[in-house]
Amino acid sequence: MVDRSIATAGFCVCAAILAVLLRQHCREQSLMLALAACAVVIGGFMSFFNPMITEISSIFTQAGISDAYLSLIFKATAICIITQITCELCRDSGEAAIASAAEIWGRGAVTFISLPLIKALLEQINEIL
């Protein structure tokens with residue numbers, strides 16, 4: 001895993017340097033390069049994501065926690081990752097207001113999908129009381 005992390009870091013630094021150089025001549029191409037680099041890194045991440053999901057699912061099953069809650073955790077994580085990358089790309093292109101709007105949307109989306117978990121937690125608290 002360390003070797004993959006080093007390779008990914010090297011790739012990202014090279015892509016960042018190229019993006020900075022391109023930004024001087026054509027901001028649109030610089031943004032497209034950054035977007036492509038993000039897609040490559042996320043694609044690489046997906047190669048070890050499935051075994052990780054299997055292991056976490058096994059841990060949740062052994063603990064007696066419903067798969068529905070595991071699904072919520074992964075959805076929230078995906079929303080956070082997508083929102084973070086979107087915001088940073090918007091900021092890199094000089095659009096801070098759009099980045100802020102994306103952050104608000106991401107926070108709202110995580111809150112919305114968390115409502116079933118909050119409801120279940122409140123039901124557990126009511127049972128205890």
Side-chain angles (χ1 to χ4, degrees):
M1 185 56 69
V2 173
D3 58 334
R4 284 186 180 184
S5 296
I6 292 171
T8 301
F11 173 78
C12 289
V13 168
C14 288
I17 291 169
L18 287 173
V20 168
L21 292 174
L22 271 175
R23 189 175 298 140
Q24 297 171 359
H25 302 288
C26 184
R27 293 184 63 86
E28 294 84 9
Q29 289 179 352
S30 174
L31 180 61
M32 294 306 292
L33 174 66
L35 187 58
C38 289
V40 169
V41 171
I42 291 171
F45 172 73
M46 296 307 278
S47 69
F48 66 88
F49 189 65
N50 284 334
M52 184 175 65
I53 290 174
T54 304
E55 184 65 28
I56 292 172
S57 180
S58 171
I59 292 168
F60 269 57
T61 301
Q62 290 174 356
I65 300 172
S66 171
D67 284 340
Y69 298 130
L70 180 63
S71 175
L72 284 174
I73 291 170
F74 284 124
K75 286 178 183 178
T77 302
I79 290 170
C80 290
I81 291 169
I82 291 166
T83 302
Q84 181 68 35
I85 291 172
T86 301
C87 291
E88 293 304 321
L89 286 170
C90 288
R91 283 190 186 95
D92 283 351
S93 66
E95 298 298 334
I98 296 172
S100 294
E103 284 178 340
I104 291 169
W105 182 89
R107 289 178 185 138
V110 168
T111 302
F112 180 75
I113 67 165
S114 299
L115 289 176
L117 183 61
I118 294 168
K119 182 179 177 183
L121 179 64
L122 291 174
E123 288 172 359
Q124 290 291 326
I125 290 171
N126 282 335
E127 287 179 16
I128 292 172
L129 297 177

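Along the sequence shown, residues carry numbers from 1.
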How many angstroms lie between [atom1] in [X] and [atom2] in [Y], if you round to the nearest 0.5 Å?
{"X": "Ser100", "Y": "Glu95", "atom1": "OG", "atom2": "CD", "answer": "11.0 Å"}
{"X": "Glu88", "Y": "Ser93", "atom1": "CD", "atom2": "OG", "answer": "11.0 Å"}
{"X": "Gln84", "Y": "Glu103", "atom1": "CD", "atom2": "CD", "answer": "7.5 Å"}
{"X": "Leu122", "Y": "Leu115", "atom1": "CG", "atom2": "CG", "answer": "10.5 Å"}
{"X": "Ser58", "Y": "Leu70", "atom1": "OG", "atom2": "CG", "answer": "11.0 Å"}
{"X": "Ile118", "Y": "Leu121", "atom1": "CD1", "atom2": "CG", "answer": "8.0 Å"}

Is there a path of hydrophobic side-chain contacts, each under 4.5 Å between heavy atoms of I/L/V/M/F/W/Y residues, joining [Y] to [X]?
{"X": "Phe74", "Y": "Phe112", "value": "yes"}
{"X": "Ile79", "Y": "Leu117", "value": "yes"}
{"X": "Ile85", "Y": "Leu18", "value": "no"}
{"X": "Leu21", "Y": "Phe11", "value": "no"}
{"X": "Leu89", "Y": "Ile104", "value": "no"}

Could you pull out the closest heavy-atom pair between [X] and [Y], with the gap in Å?
{"X": "Ala99", "Y": "Cys87", "result": "O-SG, 3.2 Å"}
{"X": "Ala76", "Y": "Val110", "result": "O-CG2, 4.1 Å"}
{"X": "Ala120", "Y": "Tyr69", "result": "CB-OH, 3.1 Å"}
{"X": "Leu72", "Y": "Pro116", "result": "CD1-CB, 4.5 Å"}
{"X": "Phe48", "Y": "Gly44", "result": "CD2-O, 4.0 Å"}
{"X": "Ala37", "Y": "Ala15", "result": "CB-CB, 3.7 Å"}

message = As a quick check of understanding, evaluate side chain to side chain contact (heavy atoms under 4.5 Å, CB included) for Trp105 and Thr86, giving each step before the final call.
response = CA-CA 11 Å; Trp105 182 89; Thr86 301; over 6 Å; no
message = Donor-acceptor check, side chain of Thr61 to backbone of Ser57, threshold 3.5 angstrom: yes or no?
response =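 Pair found, side chain donor or acceptor close to backbone of Ser57.
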message = Given 3.5 Å as the limit, does a donor-acceptor pair link the side chain of Thr54 with the main chain of Asn50, or not?
response = yes
ask   = Taking the six-membered ring for Trp, are Phe45 and Phe49 parallel (under 30°), tilted (30 to 60°) or perpendicular (over 60°)?
value =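 If you compare the ring of Phe45 with that of Phe49, the planes turn out tilted.
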query = Would you find more than 12 non-hydrogen atoms of other residues, nucleotides or ligands less than 6.0 Å from Met52 atom CE?
reply =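 For Met52, atom CE is crowded (more than 12 foreign heavy atoms under 6.0 Å).
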inquiry  = With heavy-atom distances below 4.5 Å as the criterion, would you say the side chains of Ser47 and Arg4 are in contact?
reply    = yes
task = Please tell me if the side chains of Leu22 and Met32 come closer than 4.5 Å, counting only heavy atoms from C-beta onward.
result =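 Not in contact.
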